[in-house]
Amino acid sequence: MRYTPSEIEPRWQAVWDADASLYAAEDVTAGKPKYYVLEMLPYPSGQLHMGHVRNYSIGDALARYQWMRGFNVLHPMGWDSFGLPAENAAIKNNIPPREWTLGNIAEMRVQMRRMGLSYDWQREVTTCLPDYYKWNQWLFLKMYEKGLAYRKQSKVNWCPQCATVLANEQVVNGRCWRHEDTIVEQRDLTQWFFRITKYADELLDGIDKLDGWPEKVRTMQRNWIGRSEGAEVTFHVTGTGHTITVFTTRIDTIFGATSVQIAPEHPLAKEFGAADSTLQQQIDAMIEQQKLAKEADALGAIEKQGVATGKFATNPFNGEQVPIWIGNYILADYGTGAIMSVPAHDERDFEFATKYGLEIKRVVAPNVDTDDLALPYSGEDEAVLIDSGDWSGKNPLEAQGEMAAYAEANGFGKATVTYRLKDWGVSRQRYWGTPIPIVYCDECGMQPVPLEQLPVLLPEKIDISGEGGSPLSRVPEFVNVKCPTCNGNAKRETDTMDTFVDSSWYFYRYTDAKNDSAPFDSVKANYWFPIDQYIGGVEHAILHLIYSRYWTKVMRDLGLIKNDEPATRLFTQGMVIKNGAKMSKSKGNIVSPDEMIAKYGADATRMYALFAAPPDRDLEWQEDGVAGISRFLARVYRLTTKYAPAIAAHERREKKTHAGSFAALTPEGMKLLRKLNQTIAKITLDFSGRWHFNTCIASVMTLMNEISASEVLMDGGAIAVETQTEVFRALTLMLAPFAPFLSQELWVLLGNEGPVFRASWPVADTELAKEDEIEIPIQVNGKLASVVRVAADASEDAIKSAAHAEEKVASRLAGKTIVKLIYVPGKLVNIVVK
RNA sequence: GCGGAGGUGGCGAAAUUGGCAGACGCACUAGCUUGAGGUGCUAGCGCCGCAAGGCAUAGGGGUUCAAGUCCCCUCCUCCGCACCA
């Protein structure tokens with residue numbers, strides 16, 4: 001019989017599609033241990049791409065394996081379905097966003113089913129539907145109540161392409177995360193923010209415990225949070241009532257401060273500029289320069305420039321007057337927007353001071369013997385303070401705490417911590433997102449929409465032009481509303497929420513997807529959480545993955561869940577590339593999954609995605625490789641179906657068929673069973689540990705080669721039907737995580753019933769797996785001379801004499817003296833000669 | 001510049017604890033089969049060499065009986081961060 005995936009796959013797909021219970025997770029009362037495996041939900045663009053295929057093939061293999069290992073598996077899927085492409089499609093093709101999106105979802109769901117992915121579709125979550133976004137609004141209001149959602153005016157990132165604001169996390173190299181070629185602008189706007197900074201320390205400290213996450217992601221998150229311990233010190237501006245507070249991590253060097261530098265956007269700069277129009281012009285130029293540099297993501301590249309204000313400030317530690325400068329390299333939105341400049345001990349300050357001829361005053365010296373007294377010197381631990389008043393002679397690290405305490409005691413400073421992390425701006429001036437449930441009343445001011453009035457529905461009839469502000473603001477029926485407090489005329493908030501809000505908690509909704517009285521039932525969430533294995537692309541390392549960690553902590557503090565982190569283990573799979581480059585439309589190197597499936601079948605396509613490289617590495621898509629997998633599956637099919645009738649008739653369904661029949665086992669059968677059990681052991685190990693599916697599949701291929709080589713023996717009766725049963729049964733089970741359609745087909749042909757992935761994973765018999773003969777390499781001076789074949793339990797002496805008996809060994813030993821002989825039991829012999 | 005991951009045949013890769021480098025697959029070569037057309041099977045396939053043998057895991061050095069694996073130096077590729085005081 002010929003292997004025809006185009007016949008087998010649709011047939012089983014129809015069976016599976018008709019049975020919603022097939023992949024359903026059991027409820028929380030199931031007596032089994034739970035296992036929550038999750039792949040990141042896709043944006044429904046309408047077409048699955050190879051990155052998805054790879055991501056889902058990994059997750060599906062794991063889900064099926066864990067089912068076979070006896071776990072209660074939760075393996076859901078959903079749609080991150082709000083977002084701009086739907087609006088763009090509406091503008092371009094005049095299709096309503098909802099219609100376009102739901103159409104895409106339907107198409108992609110078909111593609112996923114065609115791939116045979118084992119999702120529990122009863123738990124499907126579609127974020128753009130009111131039954132989901134209602135809970136976004138509900139959670140928003142809970143956060144509003146707790147002061148975690150607030151409105152403020154600030155400088156925000158504006159993507160002209162999206163015509164909306166972006167959060168800091170969504171700006172990549174100064175460009176929009178969705179539009180690589182679009183430079184993000186800076187604008188002043190009033191926006192809604194989530195107070196993620198409140199959880200900065202917990203988010204940072206939690207990283208240490210995420211030992212199931214890739215180090216790379218942990219490092220990126222640490223960098224992003226950017227915690228910096230230091231101190232604030234307040235300087236009085238001479239002759240005015242003003243003060244300047246600086247932030248420094250090196251308060252110990254304050255006796256070496258020779259100027260104070262403030263950002264051009266610092267409030268005092270404005271003050272100074274007001275009295276001096278030349279100065280104001282210089283300040284304006286710097287502001288413009290910083291803005292442009294930020295937009296070009298070249299803040300680090302601008303040349304340091306400054307302008308002296310002519311004003312002075314008093315160093316509260318020693319009473320010295322230092323000049324106040326405005327520096328183009330000082331950022332208004334980090335720390336206090338002002339620094340003290342210590343040229344002797346900071347590289348940047350040194351550069352600046354040298355350029356403008358400012359005083360350089362050494363206050364730290366190395367306390368170890370060194371000739372290198374060059375400045376700037378930034379040593380801390382092996383150093384000592386000099387010319388620093390009462391702190392002279394102290395170690396800098398020690399002095400830092402003391403000096404901050406001193407500043408605090410005297411009212412001009414304190415120890416403090418700053419973060420690079422900023423609050424999460426969530427307002428979007430777009431239509432296709434969750435409406436922010438807030439109403440503005442002339443009388444009562446800002447009012448939250450009462451919970452019982454949720455959801456605030458998106459109006460269906462809307463004209464999206466892509467121009468001029470938030471589309472919702474042009475829908476009077478939406479905007480005009482009665483104030484929930486005074487019932488007077490009021491207006492709705494017309495911005496919608498960032499779509500990253502949707503994906504911050506969607507995985508909780510899977511645990512109770514149809515709940516219409518709460519986002520989910522806490523009992524259910526607490527049973528399933530945390531996620532045991534989360535799988536997705538590394539591109540979300542600081543976007544989705546930091547937001548969802550934050551959201552988990554917020555929901556915990558709202559009493560909804562108990563876990564501190566969403567996922568115990570995270571796996572970031574590599575990219576799928578073609579001809580050395582990431583697949584993309586612009587490069588024209590896209591390979592369509594549908595085309596692959598049509599040509600080779602879903603099984604071969606999925607299996608290739610797992611075989612071609614370890615899952616964490618980039619994978620070069622080679623169609624010839626898919627053809628190779630397809631040939632392999634065809635061989636499995638041909639051989640299994642050849643013996644299946646006899647095996648099925650034999651009707652041996654027990655796990656350990658060989659138990660009573662060892663005596664009847666032929667040496668040839670024994671050999672095959674040995675290989676089988678070695679393969680089971682190898683795959684089981686790789687599955688539980690390193691996830692190297694490529695080597696798993698390679699070892700199944702090796703087994704298959706051995707079975708092929710035994711065909712004559714099976715035909716001739718040298719390998720009995722009992723043994724055949726054992727071999728083909730296990731082979732089929734081992735293929736189930738990788739090639740679900742084929743293994744299901746073979747499972748039934750072998751006389752079994754029910755889903756193959758609910759059968760038990762085979763257990764390796766270590767006794768059977770043992771070799772009775774082993775090969776021992778014989779080295780002479782570390783170089784391979786020969787290999788001897790000996791009984792597995794051969795004595796050291798027997799192996800040594802076998803080694804000496806080898807002609808090639810003897811010839812290399814001739815005329816030499818044996819200095820030493822290394823024998824590693826079961827591994828090798830190395831004869832060292834002179 | 002800082003941090004991380006990598007560099008092994010023509011290609012994707014394997015070598016899990018320092019112990020036969022290149023499993024498995026692709027491509028290629030030869031033969032058989034098939035007969036129309038990405039068929040199946042058998043054998044070969046790191047490099048040099050007729051062979052014996054030698055040389056090979058980015059390059060150089062070291063430790064060891066033994067190094068892809070451990071240590072030191074250098075080079076290259078990819079990713080992240082980068083005036084954050």
Side-chain angles (χ1 to χ4, degrees), chain A residues 2 172-173 214-224 226-228 230 246-250 253 261 263 293 297-304 327-331 333-342 346-349 351-352 418-421 538-539 541-542 574-575 599 608 611-614 616-632 634-635 638 682 685-686 689-690 692 694-705 708 775-787 808 811 819-824 826-833:
Chain A
R2 206 184 158 75
V172 181
N173 299 329
E215 198 48 54
K216 181 188 170 108
V217 173
R218 298 165 81 191
T219 305
M220 283 169 74
Q221 292 209 353
R222 280 193 194 99
N223 289 343
W224 187 259
R227 185 177 198 274
S228 178
V246 303
F247 174 74
T248 177
T249 53
R250 290 296 304 270
T253 63
Q261 303 275 337
D297 191 38
L299 265 182
I302 57 179
E303 195 196 340
K304 281 186 190 48
N328 70 342
Y329 64 106
I330 308 297
L331 308 172
D333 61 355
Y334 182 79
T336 57
I339 65 156
M340 62 177 198
S341 178
V342 185
D346 181 283
E347 214 173 302
R348 298 154 299 179
D349 295 346
E351 187 191 332
F352 191 87
T418 62
Y419 300 90
R420 215 183 76 119
L421 180 74
V538 74
E539 65 273 16
I542 45 177
M575 287 189 303
K599 225 159 161 182
Y608 175 74
F611 175 70
D616 52 337
R617 242 193 273 179
D618 285 352
L619 180 154
E620 169 79 26
W621 194 269
Q622 292 180 328
E623 192 174 328
D624 285 338
V626 189
I629 297 286
S630 170
R631 277 198 292 272
F632 164 74
R635 270 207 313 282
R638 186 186 71 79
K682 157 91 180 141
L685 181 69
D686 268 355
R690 331 180 285 172
H692 278 198
N694 54 331
T695 56
C696 285
I697 294 169
S699 55
V700 181
M701 288 174 168
T702 311
L703 172 67
M704 188 58 211
N705 291 344
S708 285
E775 288 188 335
I776 304 280
I778 311 299
Q779 299 180 337
V780 175
N781 283 347
K783 299 218 164 174
L784 185 70
S786 183
V787 176
K808 285 183 177 172
S811 68
V819 181
K820 203 194 238 181
L821 191 145
I822 314 280
Y823 170 62
V824 185
K827 288 275 162 109
L828 60 42
V829 173
N830 187 10
I831 305 170
V832 186
V833 298

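Throughout, protein chains are lettered first and strands after them, A, B, ... in sequence-line order, and every chain is numbered starting at 1.
- At B:rG12, none of the side-chain N or O atoms of A:Arg617 fall inside 4.0 Å of OP1 or OP2 (strictly under the cut-off).
- A:Tyr608 comes within contact range of no nucleotide atom at all, as no heavy-atom separation falls under 4.0 Å.
- At whole-Å resolution of the value, CG in A:Asp333 and P in B:rC83 are 12 Å apart.
- In plain terms, the two heavy atoms of A:Ala785 and A:Val780 that are nearest each other are CB-CG2, 3.9 Å.
- Donor-acceptor pairing under 3.5 Å, judged by distance alone, is present between the side chain of A:Lys599 and the base of B:rG38.
- Computed from coordinates, the A:Met704 CE to B:rG25 P distance equals 11 Å when rounded to whole Å.
- Judged by a 6.0 Å distance limit and a 45° cone about the ring axis, A:Lys304 is not positioned over the six-membered ring of A:Phe352.
- The shortest heavy-atom contact between A:Ile542 and A:Met220 is CG2-O, 3.7 Å.
- For the pair A:Thr219 and B:rC81, the criterion of a side-chain N or O lying under 4.0 Å from OP1 or OP2 is not met.
- In the set B:rC20, B:rA13, B:rC81, B:rC81 carries the atom at the smallest distance from any side-chain atom of A:Arg420.
- When the P atom of B:rA15 is taken as reference, atom NZ of A:Lys827 falls 14 Å away, rounded to whole Å.
- In this structure, A:Leu784 atom CG and B:rA56 atom P are separated by 16 Å, rounded to whole Å.
- Of the listed nucleotides (B:rC65, B:rC24, B:rG38), B:rC65 has the atom at the smallest distance from the side chain of A:Val832.
- The gap from the C1' atom of B:rA56 to that of B:rC47 amounts to 7 Å, rounded to the nearest Å.
- Between A:Ile822 atom CD1 and B:rC20 atom C1' the separation is 16 Å, expressed in whole Å.
- Between the OH atom of A:Tyr334 and the P atom of B:rA82 there is a distance of 12 Å, given to the nearest Å.
- Of the P atoms belonging to B:rC20 and B:rU16, the separation is 9 Å, rounded to the nearest Å.
- Glycosidic conformation, B:rG54: anti, with the torsion outside 90° of 0.
- Comparing the P positions of B:rA66 and B:rC55 gives a spacing of 15 Å, expressed to the nearest Å.
- Heavy atoms of A:Gln261 sit nowhere under 4.0 angstrom from any nucleic acid atom.
- With both ends at atom P, the span from B:rA27 to B:rA36 equals 23 Å, rounded to whole Å.
- Looking at heavy-atom distances under 4.0 Å, A:Ile330 makes contact with a base.
- Between B:rA14 and B:rU64, the distance separating the two P atoms is 32 Å to the nearest Å.
- In this structure, of B:rA85, B:rU16, B:rC20, it is B:rU16 that holds the atom nearest to the side chain of A:Asp686.
- Between A:Arg631 and B:rA27, a side-chain N or O to OP1/OP2 separation shorter than 4.0 Å is present.
- For the pair A:Asp618 (side chain) and A:Met575 (backbone), a donor-acceptor distance under 3.5 Å is present.
- Looking at heavy-atom distances under 4.0 Å, A:Asp624 makes contact with sugar-phosphate atoms alone, never a base.
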Worksheet item: Could you spell out the base pairing of RNA chain B in dot-bracket, with Watson-Crick or G-U pairs whose two distances are under 3.5 Å, [ ] crossing and | to another strand?
Response: (((((((..(((......[....))).(((((.......))))).(((....)))..(((((..]....))))))))))))....
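- Between the C1' atom of B:rC65 and the CG atom of A:Leu828 lies a distance of 10 Å, rounded to the nearest Å.
- Counting any heavy atom pair closer than 4.0 Å across all strands shown, A:Asp618 reaches sugar-phosphate atoms only and no base atom.
- Between A:Lys820 and B:rC65 there is a side-chain polar atom (N or O) within less than 4.0 angstrom of OP1 or OP2.
- If you check every strand for non-hydrogen atoms under 4.0 Å, A:Leu685 touches a base.
- Side-chain N or O atoms of A:Ser708 include one that pairs as donor or acceptor with a backbone N or O of A:Met704 at under 3.5 Å.
- In this structure, A:Ile302 reaches the bases: a heavy-atom distance under 4.0 Å links it to at least one base atom across the strands shown.
- Here B:rC83 is the nucleotide among B:rC65, B:rC24, B:rC83 with the atom lying nearest to any side-chain atom of A:Lys304.
- Side-chain proximity of A:Leu331 to B:rG4, B:rG38, B:rA85: nearest is B:rA85.
- Ring geometry, A:Trp621 versus A:Tyr608: the interplanar angle exceeds 60°, so the pair is classed perpendicular (tilted spans 30 to 60°).
- When atom types are taken as modelled, the side chain of A:Ser786 and the backbone of A:Ile778 share no donor-acceptor pair closer than 3.5 angstrom.
- If you find the closest nucleotide of RNA chain B to A:Asn781 and to A:Val172, the one lying nearer the 5' end belongs to A:Asn781.
- Heavy atoms of A:Arg635 sit under 4.0 angstrom from primed sugar atoms or phosphate atoms, though from no base atom.
- The phosphate of B:rA14 (OP1 or OP2) has a side-chain N or O of A:Asn694 nearer than 4.0 angstrom.
- Picking from B:rA85, B:rC20, B:rC81 the nucleotide with the shortest atom distance to the side chain of A:Val787 gives B:rC20.
- When side chains are defined from C-beta on, A:Phe611 does not count as touching A:Val700, because their heavy atoms never get closer than 4.5 Å.
- A:Gly335 comes within contact range of no nucleotide atom at all, as no heavy-atom separation falls under 4.0 Å.
- Look at A:Lys783 and you'll find a side-chain N or O under 4.0 angstrom from OP1 or OP2 of B:rC55.
- Contacts of A:Val824 with the nucleic acid, taken as non-hydrogen atoms under 4.0 Å apart, include base atoms.
- Residues A:Thr253 and A:Met340 come closest through the heavy atom pair OG1-CE, 3.7 Å.
- Put simply, the side chain of A:Thr248 does not reach to within 4.5 Å of the side chain of A:Val342, judged on heavy atoms.
- A distance of about 42 Å separates the P atoms of B:rC26 and B:rU74, rounded to the whole Å.
- Straight-line distance from the NZ atom of A:Lys682 to the P atom of B:rC24: 12 Å, rounded to whole Å.
- The main-chain N or O of A:Val833 is found under 3.5 Å from a side-chain atom of A:Asn781 such that the two form a donor-acceptor pair.
- The C1' atoms of B:rA13 and B:rA23 are separated by 10 Å, rounded to the nearest whole Å.
- Among the atoms of the strands shown, none is found under 4.0 Å from any heavy atom of A:Glu351.
- A:Asn705 has a side-chain polar atom (N or O) that falls below the 4.0 Å cut-off from OP1 or OP2 of B:rG25.
- Here the separation of B:rG6 from B:rU17, taken at their P atoms, is 14 Å to the nearest Å.
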